[in-house]
2 protein chains.
Amino acid sequence: MQITVLAGGVGGARFVRGLLSHLRTRDDAEQTSVTVVGNTGDDITLVGLRVCPDLDTLLYTLGDGVDEGQGWGRAQESTRVAGELATLGVGPDWFTLGDLDLATHLARSRWLAQGLTLSEVTARLAQRWGLPDRGVRLLPATDTPIETHVVVDDGEGGERAIHFQEWWVRHGASLPARRFTVAGLGEAKAAPHVLDALRTADVVLFPPSNPVVSIGIILGVPGVREALRGTRAPVVGVSPLLGGRPVRGHADACLAPLGVEVSAAGVAGLYADFLDGWLVDDADAGLRYPAGAQVRSMDLLMRDTEGAARLAGAALDLGRELSPVGAGTRGPR
Amino acid sequence: MQITVLAGGVGGARFVRGLLSHLRTRDDAEQTSVTVVGNTGDDITLVGLRVCPDLDTLLYTLGDGVDEGQGWGRAQESTRVAGELATLGVGPDWFTLGDLDLATHLARSRWLAQGLTLSEVTARLAQRWGLPDRGVRLLPATDTPIETHVVVDDGEGGERAIHFQEWWVRHGASLPARRFTVAGLGEAKAAPHVLDALRTADVVLFPPSNPVVSIGIILGVPGVREALRGTRAPVVGVSPLLGGRPVRGHADACLAPLGVEVSAAGVAGLYADFLDGWLVDDADAGLRYPAGAQVRSMDLLMRDTEGAARLAGAALDLGRELSPVGAGTRGPR
């Protein structure tokens, strides 16, 4: 079975880890492979180094190297370099690069400077974290450098654009966003294998990732949305909103500027043109959802890897139901 | 009094620290300033970062941040980033960048990328280490990137060039050097203030730095040798060889390929066209020295900062003797 997952950062990574945990309990574990398409819209260049927060969170989480407490960054991390950089007045004071994490960025920047694509760089990092051995292929959505910017009030009646990370990390998404723009997205090219992974999948899963600044960015890469509309695989998503609120992150602050209802139904509407199945929390069972997607409700909270595995299993089950000829076999819908 | 010092790495840095210690005991400490011209020939780009080993050793030593045991690098250093880089297979395995040290290279690389000259970068780093407050101005010999290469046997009857650091650090200078070449040196331009610091000094001091790959590189920067020949200041050097052997480093392995006698006299010969005073070890008092320089012997070993201060004081005293109108006043020679 080929499973393709579109993922953002922490929520996406934990969902995929749950998915892998779930798959290990299945008879067809050996025949199952997982392709994860990661968001690159929140990538940023800091102190001259290219940082890919979502890809790194996926690498560290799936490679058992993540800081479990915060959900991102390396376990047993230290900040000696960052401390000295602060003394030197280099780099923004609202983004601390851990020492071990910094090595990832140094390696990535070095390899990019040597001419490797982000896909190739990501494959090397995935190797270091043992992802291939776990049956996981991690792809950036695009090798084209893109950057999400947030347009906010400038306090003088006008507006200004700041980098997504500045809005998210420095301001905690508390500055009202007027809109999001993604530099480079219109001309971006889907990374190798991304469109194929969507077209040839047996099931496509959307974790409870941010629908605007994570999944939304991947969907904005030319060809991705069309591949999802055209794939024969059922597309099953998990709502990132429970009772109208995100479990973590700031999906609410991202949906509002789009004029989209901050609810599991509002998010489903963003995916309406390709969504086949939609898992929502029991609290949201009574909402009015767009036609076309099979909605199922359950306890959606991922308290731990076991909870994430339960969620991933339910999403796969729903996908199997929606697949006309059963899981593991592709056929016309 | 204006003192200008040409310095390499550890030996040069310790000598200058001794000089500062000595100056603090003098009445004219307030009126004395020290300009240190540092060697940049052993600079290297590692993992995309510009590393200036000699300048950093000067910064850390004069700023009380050096690892006293090894004489270079930061005190209380750690190597977390380097460990992860090794896991990723990035960077040479014979050069370990410490975490705190790495921050220096990150900052330098960032500032260089922003268009600052190495002089400007070095001034910022000197500020962080409090050098201006100690009356020290640190200048790179040149802002032009230069790199010393060592031509060695290729084992097949031919020759190959390796970076100086590879020869020095990886091979411990044990590969016989055929010759040294310095990429970029012929077209290099002396950094701002370097030639003036030589021309207008009251005394110019040569610490016991490597005469070939440290001092020799600085002397190779166009204009430097001419400025030394033309300066009205007495030029006083300290032999890096005691009884024909370097106290540390590999000056012997550097002199041999030049066909220069491995002795305090051989080194003096390299400086013969401008040298006014030459401090040698008591063990070398009986050697035959080139004419033109006043030779004085003493116990030359810098066992600690006090020993370095004693040495620097002796060099200053010799300079004062050789200055026709006394220290602190410049006049025709």
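Each chain gets a letter, A, B and so on, in the order its sequence line appears, and its residues count up from 1. Heavy-atom basis, side chains included; hydrogens, waters and symmetry copies ignored.
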If I measure from the heavy atoms of chain A, does [X] come under 4.5 Å with its side chain, its backbone, both, or neither?
X        : value
B:Arg124 : neither
B:Ser109 : neither
B:Ala107 : both

Working to the nearest 0.5 Å, report the span between CD of A:Glu84 and CG of B:Leu102. 10.5 Å
Might you point out which heavy atoms bring A:Val81 and B:Asp99 nearest each other, and give the distance in Å? CG2-O, 3.2 Å
Residues A:Trp111 and B:Val90: closest non-hydrogen pair is CZ2-CG2, 3.3 Å
Got a sec, which residues hit ring-ring contact (aromatic ring centres under 6.0 Å, His included) with A:Phe180, two or more places apart in sequence or on another chain? A:Trp167
Go through B:Thr104, B:Leu100, B:Thr87 and name the one with the most non-hydrogen pairs under 4.5 angstrom from chain A. B:Leu100
Please indicate whether [X] has more than 12 foreign heavy atoms, meaning atoms of other residues, nucleotides or ligands, lying under 6.0 Å from its [atom1].
X        : atom1 : result
B:His171 : NE2   : yes
A:Gln70  : CD    : yes
A:Gln76  : CD    : no
A:Gln127 : CD    : no
A:Trp129 : CH2   : yes

Which bit of A:Arg128 comes within less than 4.5 Å of chain B, counting heavy atoms only: side chain, backbone, both or neither? side chain
Passes side chain to side chain contact (heavy atoms under 4.5 Å, CB included), A:Leu106 versus B:Leu88? Steps please. CA-CA 10 Å; A:Leu106 271 167; B:Leu88 290 164; over 6 Å; no
Table please: side-chain donor-acceptor pairs of residues 42-53 of chain A below 3.5 Å, with sequence neighbours left out.
from, atom 1, to, atom 2, distance (Å)
A:Thr45, OG1, A:Arg50, NH1, 3.0
A:Arg50, NH1, A:Glu147, OE2, 3.1

